[in-house]
Amino acid sequence: RLERTVVWQQIRSNTKKQKLDNGLLRKVEENPDLKKDYENLLKHVPEDQRDRAKVSIARTLVLSQSRGEKQKNGVGV
């Protein structure tokens with residue numbers, strides 16, 4: 001039973017992470033400025049490391065954009 005519980009926790013964790021990653025990549029695809037920056041940064045990453053770097057770069061760009069919007073709207077971070 002314990003093993004089954006651990007496996008299900010891992011599956012749920014992986015599913016949640018995949019949904020978050022897909023959401024980040026979708027936000028990059030929807031925003032032309034982010035997409036341009038994303039592609040520019042990604043072309044400097046070695047080919048064998050791109051899969052891991054895609055989500056990391058997307059996360060960084062989306063978070064920096066949302067922080068910039070908060071500061072523009074006068075909301076302190």
Side-chain angles (χ1 to χ4, degrees):
R1 271 174 67 155
L2 181 61
E3 294 160 345
R4 196 177 322 161
T5 302
V6 171
V7 169
W8 277 113
Q9 285 176 341
Q10 189 65 39
I11 290 171
R12 281 193 295 270
S13 174
N14 288 345
T15 303
K16 184 178 177 181
K17 184 179 182 316
Q18 187 65 41
K19 284 181 181 180
L20 288 171
D21 293 349
N22 288 342
L24 289 169
L25 293 171
R26 188 178 64 245
K27 283 187 177 188
V28 168
E29 289 294 321
E30 292 172 351
N31 185 324
D33 292 332
L34 281 180
K35 187 173 181 179
K36 184 178 74 170
D37 292 342
Y38 172 79
E39 290 171 351
N40 188 33
L41 289 169
L42 197 58
K43 72 181 178 184
H44 297 292
V45 176
E47 193 72 37
D48 61 333
Q49 297 176 6
R50 284 194 182 169
D51 284 337
R52 283 187 11 199
K54 284 180 181 181
V55 174
S56 178
I57 291 171
R59 181 177 291 116
T60 302
L61 289 172
V62 170
L63 290 176
S64 66
Q65 180 203 29
S66 66
R67 286 184 187 134
E69 288 176 0
K70 285 180 183 177
Q71 289 176 350
K72 259 196 268 182
N73 294 332
V75 177
V77 178

Visitor: Would you compute the distance between atom NZ of Lys27 and atom CG of Leu63 and round it to the nearest 0.5 angstrom?
Guide: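 It comes to 9.0 Å.
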Visitor: Under the criterion side chain to side chain contact (heavy atoms under 4.5 Å, CB included), which of Lys17, Gln18, Lys19 is the partner of Thr15?
Guide: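 For Thr15, the side chain to side chain contact (heavy atoms under 4.5 Å, CB included) check succeeds only for Lys19.
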Visitor: If you look only at pairs with a residue in residues 50-64, which of them pass as a salt bridge (charged side-chain N to carboxylate O under 4.0 Å, His left out), with sequence neighbours excluded?
Guide: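 Non-adjacent pairs meeting salt bridge (charged side-chain N to carboxylate O under 4.0 Å, His left out): Asp21-Arg59, Glu47-Arg50.
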Visitor: In Å and rounded to the nearest 0.5 Å, what is the NZ to CG distance from Lys16 to Leu20?
Guide: 7.0 Å
Visitor: Quick one: hydrophobic cluster around Val62, which other residues, with the 4.5 Å side-chain cut-off, linked directly or via members?
Guide: Leu24, Leu25, Val28, Leu34, Tyr38, Leu41, Leu42, Val45, Val55, Ile57, Leu61
Visitor: Donor-acceptor pairs are to be reported for all side-chain atoms of residues 3-13 against protein atoms at under 3.5 Å, with residues two or more places apart or in another chain.
Guide:
| residue | atom | partner | partner atom | Å |
| --- | --- | --- | --- | --- |
| Thr5 | OG1 | Arg1 | O | 3.0 |
| Gln10 | NE2 | Asn14 | OD1 | 3.3 |

